[in-house]
Structure formats: C-alpha cells, structure tokens
Asker: 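I have a structure here, written as structure tokens, and I will follow up with some questions on it.
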Amino acid sequence: LFSGNLVISSYARSGFVDNAFSVFSSMLEVDSVSWNALLGACARSGQIENAQLIFARMPEWSLSSWTNLIWMHCQGSNLEGSKRAFYEMPEWDTVSSNAMLASFARNGQTHEARELFDAISDKDEISWNTILAAYAQAGDLTSASSIFLGAPERSSISWNTMLASTSSFACAAQAMELFHEMAIEGHSPDQLSFSSLLNACSHAGSIDQSLLLFHAMARDHQELLIQSQHVTTMVDALGRAGRTLAAQELAEDDGRD
RNA sequence: UUCGUCUAGCUUA
C-alpha cells in the first residue's frame with residue numbers, strides 16, 4: 001500500500017496520469033492517500049473531468065481532496081470553481097486557505113484576497129507570499145511593499161515577487177536597486193531574478209543597458225551559469241528593438257543560429 | 001520524500 005502510493009504520487013508529479021491510473025487499479029488495497037494522489041495527478045495535468053469523476057467516487061474527502069480541487073480551478077483561472085470548493089468544504093486549514101488565496105490572487109481579486117488573508121489564524125510564509133503576489137500581480141506596489149516589509153520573514157520567493165512586480169510596473173532603476181538589496185540581505189538572485197531584471201531593462205527600451213546587465217551576469221554570477229533561456233530573452237529583446245545584428249551576434253556566441 | 005498551498009520571463013501565439 002505504502003509503496004503503491006509512492007509510485008502513484010511520483011507518476012502524479014511527472015504528469016504520467018495514465019500510469020498513475022494503472023497502478024491505482026492494480027492495487028489490491030487503496031486508502032485515502034491513494035485516492036488523493038490520483039486526484040492530484042489529474043488536477044496537476046488539468047484533466048478536470050477526470051478529477052471530478054474521481055472526486056465523486058472517493059469514499060471520503062479530506063482537506064487534501066478539497067485543496068486539490070481549489071488548486072486545479074486556480075490553475076484554470078476558474079475563480080468560481082475554486083470558491084465553490086472552498087465554501088463547500090466542511091473546514092479550512094492554512095493550506096486550503098492559501099490555495100484559495102492563490103486563486104483570488106491569480107484572478108485579480110485583491111480585496112477578497114485581503115479579507116481571506118486577514119481571516120487566516122495561522123498564517124505561514126506561503127500565506128504572506130501569496131497575498132504579496134496578489135498585490136504584486138495587480139501592480140499595487142504600495143500595498144505589496146507594506147506586506148513585504150510587514151511579513152515576519154522574507155524568502156527568495158518574496159524578493160522575486162517584489163522584483164518581478166517592480167520590473168513590470170515601476171522603472172528598471174528601482175528593479176536594479178531591489179536586485180542589489182536582495183543580495184545584500186543574503187538571498188542570492190536566481191534565474192527568476194535575472195529574467196525579471198532583463199525584462200525590465202528591455203521594456204524600458206534600454207537595450208544597451210540590458211546587454212550590459214547580461215554580460216555582467218556572465219561575469220559576476222558564473223555560479224548560476226548563463227542559461228540559454230536568458231539568451232533567448234535577450235535575443236528576442238534585441239530583435240524587437242530592431243537590433244537584428246546584435247541579436248545575431250549574441251545567438252552565434254551562444255552557438256546557435 | 002505515501003496526498004494538497006506561494007514568485008518571473010520566454011515559447012506555444
């Protein structure tokens with residue numbers, strides 16, 4: 001049973017829903033973990049019909065089952081679906097509330113997100129990061145900053161959330177500043193931080209600044225390796241700016257066409 | 001590590 005569940009969940013994570021199904025049906029005995037793992041497999045791969053069938057057939061519903069539904073509808077930007085599941089479930093915990101919070105955030109419902117956030121009694125780091133993301137995605141940098149500063153702790157995810165929002169809703173200089181503060185506070189910028197920043201520069205129209213930054217990345221952060229995705233971003237930015245020659249050079253440096 | 005929740009861009013367009 002234990003090992004069967006382990007196999008189902010690993011298939012679920014890799015997106016092999018069919019395999020998860022066959023393991024499930026071949027098991028002599030299943031429990032609620034098996035059912036939830038199977039439900040999670042469908043939810044993750046967006047098989048909404050199947051997920052609903054499984055949900056209906058499950059012998060019992062746990063917090064995990066409901067949270068899977070909320071999360072699935074969140075991924076599909078189906079706010080009503082998330083809310084239906086959330087309000088139908090008998091009790092809430094921090095994880096299910098966080099999932100609902102994410103759905104509000106993704107669908108731009110910052111007020112409802114805030115109400116729910118305030119109502120969560122045991123807020124964890126994810127609750128804070130999710131409400132932060134709600135404001136960040138809506139471009140409300142003022143509220144985002146106050147959440148960011150008010151949170152009990154700031155992880156790399158919090159920093160990246162702020163950085164991404166600043167990159168798209170404020171100016172490149174501010175994004176750059178955050179980027180440096182992040183490092184000073186002991187959170188190494190990662191691939192996400194870089195692409196936000198590159199994007200900020202290219203949207204600011206300062207292609208030359210992007211190029212400088214790009215080369216600085218290669219120099220100062222070799223431990224991150226310049227990933228081809230960044231090269232792609234740069235090439236695209238150059239292309240959009242009509243700098244086809246520079247784009248070509250960059251692409252060739254990277255060994256592509 | 002037997003099940004559920006948080007961040008960007010690019011691509012698919």
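Naming: A, B, ... by sequence-line order, numbering from 1 per chain.
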Asker: Quick one: list whatever passes salt bridge (charged side-chain N to carboxylate O under 4.0 Å, His left out) with Asp122(A), sequence neighbours left out.
Answerer: none
Asker: Remember a base hit wins even if backbone is also touched, and classify Leu6(A) as base, sugar-phosphate or nothing at under 4.0 Å, heavy atoms.
Answerer: sugar-phosphate
Asker: Linking Ile, Leu, Val, Met, Phe, Trp and Tyr by side-chain heavy atoms under 4.5 Å, what else ends up with Phe2(A)?
Answerer: none
Asker: Rounded to the nearest Å, what distance is computed from the NE2 atom of residue His187(A) to the C1' atom of nucleotide U7(B)?
Answerer: 13 Å
Asker: Think Arg13(A) has a side-chain N or O under 4.0 angstrom from the OP1 or OP2 of C3(B)?
Answerer: yes
Asker: Assess whether atom CZ of Phe16(A) is packed by more than 12 heavy atoms of other residues, nucleotides or ligands within 6.0 Å.
Answerer: no
Asker: Over how many whole Å does the gap from Met176(A) atom CE to A8(B) atom P extend?
Answerer: 20 Å
Asker: Over how many whole Å does the gap from Asn5(A) atom CG to G4(B) atom P extend?
Answerer: 12 Å
Asker: Write down the distance between CZ (Phe86(A)) and C1' (U5(B)), rounded to a whole number of angstrom.
Answerer: 11 Å
Asker: Once hydrogens and angles are ignored, does a donor-acceptor distance under 3.5 Å link the base of G4(B) to the side chain of Thr67(A)?
Answerer: yes
Asker: Taking the C1' atom in each of U7(B) and C3(B), what is the distance between them to the nearest angstrom?
Answerer: 24 Å
Asker: Nearest to the side chain of Asn160(A) - C10(B), U7(B), C3(B)?
Answerer: U7(B)
Asker: Please give me every residue in residues 122-137 of chain A whose heavy atoms get under 4.0 Å of an atom in RNA chain B, ordered by residue number.
Answerer: Ile126(A), Asn129(A), Thr130(A), Ala133(A), Gln137(A)
Asker: To the side chain of Ser196(A), which of C3(B), U5(B), A8(B) is closest?
Answerer: A8(B)
Asker: Mind calculating the distance between CG (Leu101(A)) and P (U5(B)) to the nearest angstrom?
Answerer: 14 Å
Asker: Check for me whether the distance between the ring centres of Trp35(A) and Phe55(A) falls short of 6.0 Å.
Answerer: no
Asker: Reckon Arg44(A) has a side-chain N or O less than 4.0 Å from the OP1 or OP2 of C3(B)?
Answerer: no
Asker: Determine the Euclidean distance between corresponding C1' atoms of U5(B) and G9(B); express it in Å to zero decimal places.
Answerer: 23 Å
Asker: If you measure from the C1' atom in C6(B) to the same atom in U2(B), how many Å do you get, rounded?
Answerer: 23 Å
Asker: For Lys83(A) and U5(B), what is the distance between atoms NZ and P respectively, to the nearest whole Å?
Answerer: 22 Å
Asker: What is the separation between atom CE on Met72(A) and atom C1' on C3(B), rounded to the nearest whole Å?
Answerer: 15 Å
Asker: From the list U2(B), G4(B), U7(B), which nucleotide is the closest neighbour of the side chain of Leu63(A)?
Answerer: G4(B)
Asker: Angle class for the Phe194(A)/Phe179(A) ring planes (parallel below 30°, perpendicular above 60°, tilted otherwise)?
Answerer: tilted
Asker: Does Trp159(A) have its ring centroid less than 6.0 Å away from the ring centroid of Phe148(A)?
Answerer: yes
Asker: Please give, in whole Å, the distance from C3(B) P to Phe24(A) CZ?
Answerer: 16 Å
Asker: Could you tell me whether the phosphate oxygens of U5(B), OP1 or OP2, come under 4.0 Å of any side-chain nitrogen or oxygen in Trp66(A)?
Answerer: no
Asker: Is it possible for you to check whether Arg154(A) lies under 6.0 Å from the centre of the six-membered ring of Trp128(A), through NZ or CZ, and within 45° of that ring's axis?
Answerer: no
Asker: Out of C6(B), U7(B), G9(B), which has the shortest distance to the side chain of Ser195(A)?
Answerer: G9(B)
Asker: For Asp31(A) and Asn5(A), test the side chains for any donor-to-acceptor distance below 3.5 angstrom and give the result as yes or no.
Answerer: yes
